[in-house]
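What follows is one structure encoded as structure tokens, with my remarks underneath.
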Amino acid sequence: MLVGPRMKPSVSARAARRTSWLPTFLLLLGAVYCLIPVLWVLMAATKSRSELFSTFTFLPGSGLWANLSELTAYRDGVYWLWMLNSGLYAGVGALLSAAVSAVSGYAFAKYSFRGRGVIFTVILAGVLMPPIALAVPQYLLLAKVDLTGSYWSVLLPSILSPYGIYLARVYAAAAVPDEVLEAARVDGARDLRLFTSIALPMMRPGLVTIFLFQFVAIWNNFLLPYVMLSDDETFPVTVGLYTLLQQGASKPALYTLVITGALLSIIPLIALFLGLQRYWRVDLLTGAVKS
């Protein structure tokens with residue numbers, strides 16, 4: 001049997017292979033751009049006070065353990081109190097926000113009621129509002145009920161997330177079939193049982209995403225706690241490090257503590273993302289098998 005010569009790739013195929021490198025290169029360029037500040041913080045946290053401004057930027061130093069010891073000893077470990085406060089604000093706030101988003105998104109997706117479109121439009125308008133425009137009105141409202149300066153002054157504004165409600169509605173509309181809900185109603189299930197036993201497990205991967213987004217947003221939030229809080233024992237780590245940075249203008253020795261604290265503040269976010277990503281994948285695969 002005669003075999004003809006191997007056909008050469010067409011011009012369009014070769015062009016497609018060449019153009020596929022362009023998005024890959026752009027993604028790698030964006031990744032490097034995002035990781036360079038993290039690499040700088042990692043290298044700077046290992047340097048002593050004398051090495052911080054006298055050695056090459058991306059060359060590791062020899063003062064990491066000394067910096068950690070000084071940071072822990074600073075004001076009897078106030079930094080770890082700031083970390084605990086951030087965990088409280090972000091953890092409780094993200095859980096409550098995910099719960100409110102789940103109930104609201106499910107209601108908007110699966111129930112018809114008067115004014116649904118108008119209410120949802122108003123909620124979406126909150127996505128467009130910059131946080132700096134809401135901080136002062138929120139402070140004035142909470143000051144009338146004597147909540148400013150307390151943990152509630154940071155937690156309460158974090159519960160309602162317009163973007164989380166939007167994501168929950170989109171996910172509920174796509175992941176919760178109307179036929180399943182109708183079959184459950186025929187079997188005698190009431191609305192609360194429909195949500196907790198049927199809709200909520202189907203929405204779980206989307207709620208994990210909402211929780212992660214809200215946790216990161218609250219953990220990195222600076223303006224709201226800066227406006228609301230006055231006692232440094234209630235500060236989150238963002239505001240606490242800012243106060244250290246301000247003191248560093250007169251005490252340059254504090255710069256190493258600020259950089260080391262910034263590095264440590266990243267670790268919980270990385271651990272949370274990796275843990276929830278694994279849970280997210282398992283939950284998606286489980287839902288695919290069940291469906």
Side-chain angles (χ1 to χ4, degrees), residues 89-135 137-138 141-142 152-221 223-224 272-273 276-277 279-291:
Y89 294 136
V92 176
L95 279 175
L96 294 177
S97 179
V100 172
S101 298
V103 174
S104 304
Y106 173 75
F108 280 120
K110 298 302 176 181
Y111 290 94
S112 297
F113 50 90
R114 182 176 298 179
R116 181 179 67 169
V118 176
I119 297 174
F120 189 69
T121 302
V122 172
I123 292 176
L124 283 183
V127 179
L128 306 177
M129 294 293 294
I132 192 172
L134 300 176
Q138 289 171 345
L141 289 173
L142 292 174
W152 289 108
S153 62
V154 178
L155 284 174
L156 289 177
S158 305
I159 293 176
L160 183 62
S161 172
Y163 186 61
I165 294 175
Y166 168 75
L167 288 180
R169 179 184 180 178
V170 172
Y171 199 86
V176 183
D178 293 334
E179 296 79 6
V180 175
L181 298 178
E182 291 299 328
R185 286 193 180 96
V186 171
D187 291 338
R190 296 178 179 266
D191 291 336
L192 181 60
R193 184 173 179 80
L194 287 175
F195 174 71
T196 57
S197 300
I198 297 177
L200 197 59
M202 293 181 178
M203 296 172 59
R204 193 174 300 164
L207 298 181
V208 170
T209 304
I210 295 172
F211 173 83
L212 179 61
F213 284 171
Q214 193 67 0
F215 187 96
V216 173
I218 299 173
W219 183 277
N220 293 330
N221 192 7
L223 181 63
L224 181 65
L272 180 69
F273 177 79
L276 288 184
Q277 186 182 39
Y279 170 82
W280 190 15
R281 289 178 178 176
V282 171
D283 207 7
L284 286 175
L285 291 175
T286 303
V289 171
K290 290 181 179 179
S291 61

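We use all heavy atoms of the structure for the numbers below, so side chains are in, but hydrogens, waters and symmetry mates are not.
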TODO: For side chain to side chain contact (heavy atoms under 4.5 Å, CB included), just list the numbers for Phe213 and Val208, CA-CA rounded to whole Å, side-chain angles, deciding distance to a tenth of an Å, and then say yes or no.
DONE: CA-CA 9 Å; Phe213 284 171; Val208 170; over 6 Å; no
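- Note that CG of Asp191 and CG of Leu181 are 9.5 Å apart. Values are rounded to the nearest 0.5 Å.
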TODO: Quick one: do Tyr163 and Ile210 satisfy side chain to side chain contact (heavy atoms under 4.5 Å, CB included)? Show the steps, please.
DONE: CA-CA 9 Å; Tyr163 186 61; Ile210 295 172; over 6 Å; no
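- A pairwise comparison of heavy atoms in Ser101 and Ser161 identifies OG-O, 4.1 Å as the closest pair.
- Summarising the local packing, CG of Leu128 is surrounded by more than 12 heavy atoms from other residues, nucleotides or ligands at distances under 6.0 Å.
- Judged by distance alone, with hydrogens and angles left aside, the side-chain atoms of Asn220 form a donor-acceptor pair with the main-chain N or O of Val216 at under 3.5 Å.
- Here Leu155 contributes atom CG and Leu224 contributes atom CG; the two are 9.5 Å apart, rounded to the nearest 0.5 Å.
- Put simply, CD1 on Ile159 and CD1 on Ile218 are 9.0 Å apart, with the number rounded to the nearest 0.5 Å.
- Partners of Arg185 under the side chain to side chain donor-acceptor pair (under 3.5 Å) rule, at least two apart in sequence or in another chain, are Glu182.
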TODO: Evaluate the side chain to side chain contact (heavy atoms under 4.5 Å, CB included) criterion for residues Leu272 and Phe211: first the C-alpha distance (whole Å), next the side-chain angles of each, then the deciding distance (0.1 Å), finally the verdict.
DONE: CA-CA 10 Å; Leu272 180 69; Phe211 173 83; 4.2 Å; yes
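- The two residues Phe113 and Ala107 make their nearest non-hydrogen contact at CE2-O, 3.9 Å.
- Closest non-hydrogen pair, Leu142 versus Pro157, comes out as CD1-CG, 4.2 Å.
- When all heavy atoms of Met203 and Ala102 are compared, the closest pair comes out as CE-O, 3.8 Å.
- Contact between Met202 and Pro177 at its shortest, heavy atoms only, is SD-CD, 3.8 Å.
- Between Leu200 and Thr196, the closest heavy-atom pair is CB-O, 3.8 Å.
- Applying the side chain to side chain donor-acceptor pair (under 3.5 Å) test to Asp178 and every residue at least two apart in sequence or in another chain returns Lys110.
- Between the side chain of Gln214 and the main chain of Ser158, a donor-acceptor pair closer than 3.5 Å is present.
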With a cut-off of 3.5 Å and sequence neighbours excluded, list every side-chain donor-acceptor pair involving residues 115-124.
{"from": "Arg116", "atom 1": "NH1", "to": "Phe108", "atom 2": "O", "distance (Å)": "3.1"}
{"from": "Arg116", "atom 1": "NH1", "to": "Tyr111", "atom 2": "O", "distance (Å)": "2.8"}
{"from": "Thr121", "atom 1": "OG1", "to": "Gly117", "atom 2": "O", "distance (Å)": "2.7"}

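- The CG atom of Leu212 sits 12.5 Å away from the CG atom of Leu207 when rounded to the nearest 0.5 Å.
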